[in-house]
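Reviewing the structure listed below.
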Amino acid sequence: QVQLVESGGGLVQAGGSLRLSCAASGRTFLTNAMGWFRQAPGKELEFVATISWNGGSTDYAGSVKGRFTISRDNSLNTVTAYLQMNSLKPEDTAVYYCAAAKQYYTVAGRDEYDYWGQGTQVTVSS
C-alpha cells in the first residue's frame, strides 16, 4: 500500500517555526517531484511549495517565499520531504498536505499530483 504520512504540525505563536515531514512507504518516489499544499477552513486547496526529484529546483507560492523552505532526502532509498516554516503568521493556519507528482520536475497544479498524504494541522496564534 502506497502511503505518504505527514508529521510535525502543531500550535505555534506568530513568528515561530515548525518543520513538517512527509515519509513515503510502499513506493520510493525517488524520481518524482514532491509538493506541499494547504487548505484553510472555508478555503480551497492552495499550492505552497514544490521540489524536483533531485532537489535541484524548487518553487514557492508568493505568500510563503522567503519564509518557507522545501527540501527532500533521497538517501534512504525512499523519499522524505520536509517543509521548514519560519516567521509563521496566523494566515498560515491550515491543514498541510504532502503530495507526490506524476513528473520529475517542479509543478504547482494540484492535478499534477496523484498521491496525497492525510494532512497535518498547523495552527498559528496571534
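Computed from a predicted structure; not experimentally measured.
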Residues in salt bridge (charged side-chain N to carboxylate O under 4.0 Å, His left out) contact with D92, at least two apart in sequence or another chain
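Result, salt bridge (charged side-chain N to carboxylate O under 4.0 Å, His left out) vs D92: R38, R67.
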
Within this structure, what is the [atom1]-[atom2] distance for the pair [X] and [Y], rounded to the nearest 0.5 Å?
X: D114; Y: K102; atom1: CG; atom2: NZ; result: 5.5 Å
X: Y82; Y: T69; atom1: OH; atom2: OG1; result: 14.0 Å
X: N54; Y: N74; atom1: CG; atom2: CG; result: 8.0 Å

Looking at every heavy atom in both [X] and [Y], which two are closest together, and how far apart are they?
X: F47; Y: D59; answer: CZ-O, 3.7 Å
X: S57; Y: T106; answer: O-CG2, 3.3 Å
X: E46; Y: S63; answer: OE2-OG, 3.8 Å
X: A101; Y: V107; answer: CB-CG2, 3.8 Å
X: C98; Y: M34; answer: SG-CE, 3.7 Å

Problem set entry | Within one Ile-Leu-Val-Met-Phe-Trp-Tyr cluster: Y60 and W53, side-chain cutoff 4.5 Å |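 No, because Y60 and W53 fall into different hydrophobic clusters, even though each may have its own neighbours under 4.5 Å.
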
- Is there a path of hydrophobic side-chain contacts, each under 4.5 Å between heavy atoms of I, L, V, M, F, W or Y residues, that connects V48 with L88?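 Yes, V48 connects to L88 through the hydrophobic network.
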
So do the side chains of [X] and [Y] get within less than 4.5 Å of each other, counting heavy atoms only?
X: I70; Y: W36; result: yes
X: F29; Y: V2; result: yes
X: L83; Y: M85; result: yes

Connecting only ILVMFWY residues whose side-chain heavy atoms lie within less than 4.5 Å of each other, what is the rest of L76's hydrophobic cluster?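 Reading the cluster by chain and number, L76 sits alone, since nothing else belongs.
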
Q | V5: hydrophobic cluster co-members (side-chain, 4.5 Å) | A |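 Its cluster partners, ordered by chain and number, are none at all.
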
*Please report the C-alpha distance between L30 and N77 in whole Å, then the side-chain angles of each, then the deciding distance to 0.1 Å, and finally whether the side chain to side chain contact (heavy atoms under 4.5 Å, CB included) criterion is met.*
CA-CA 7 Å; L30 295 177; N77 207 36; 3.6 Å; yes

* Using the six-membered ring wherever Trp is involved, compare the ring planes of W116 and Y97 and label them parallel, tilted or perpendicular (cut-offs 30° and 60°). =>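 Taking Y97 first and then W116, their aromatic rings stand perpendicular (interplane angle over 60°).
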
Taking salt bridge (charged side-chain N to carboxylate O under 4.0 Å, His left out) as the cut-off, I'd like each qualifying pair that reaches into residues 71-87, sequence neighbours left out, listed once.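 Residue pairs with at least one partner in residues 71-87: there are none.
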
Tell me which donor-acceptor pairs under 3.5 Å the side chains of residues 9-27 have, and how far apart each pair is, sequence neighbours excluded?
{"from": "S17", "atom 1": "OG", "to": "N86", "atom 2": "OD1", "distance (Å)": "2.9"}
{"from": "R27", "atom 1": "NH1", "to": "Y115", "atom 2": "OH", "distance (Å)": "3.4"}

Using side chain to side chain donor-acceptor pair (under 3.5 Å) as the criterion, list what pairs up with E112, not counting sequence neighbours.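 Partners of E112 by the side chain to side chain donor-acceptor pair (under 3.5 Å) criterion come out as none, since no residue qualifies.
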
For Q121 and T123, does a side-chain donor sit closer than 3.5 Å to a side-chain acceptor?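 T123 and Q121 do have a side-chain donor-acceptor pair below 3.5 Å.
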
| message | Donor-acceptor pair, distance only, cut-off 3.5 Å: does the side chain of E6 make one with the backbone of Q118? | response |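 Looks like yes, one N/O pair under 3.5 Å.
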
Are the aromatic ring centres of F37 and Y113 under 6.0 angstrom apart?
->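 Centroid distance F37-Y113: below 6.0 Å, so yes.
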
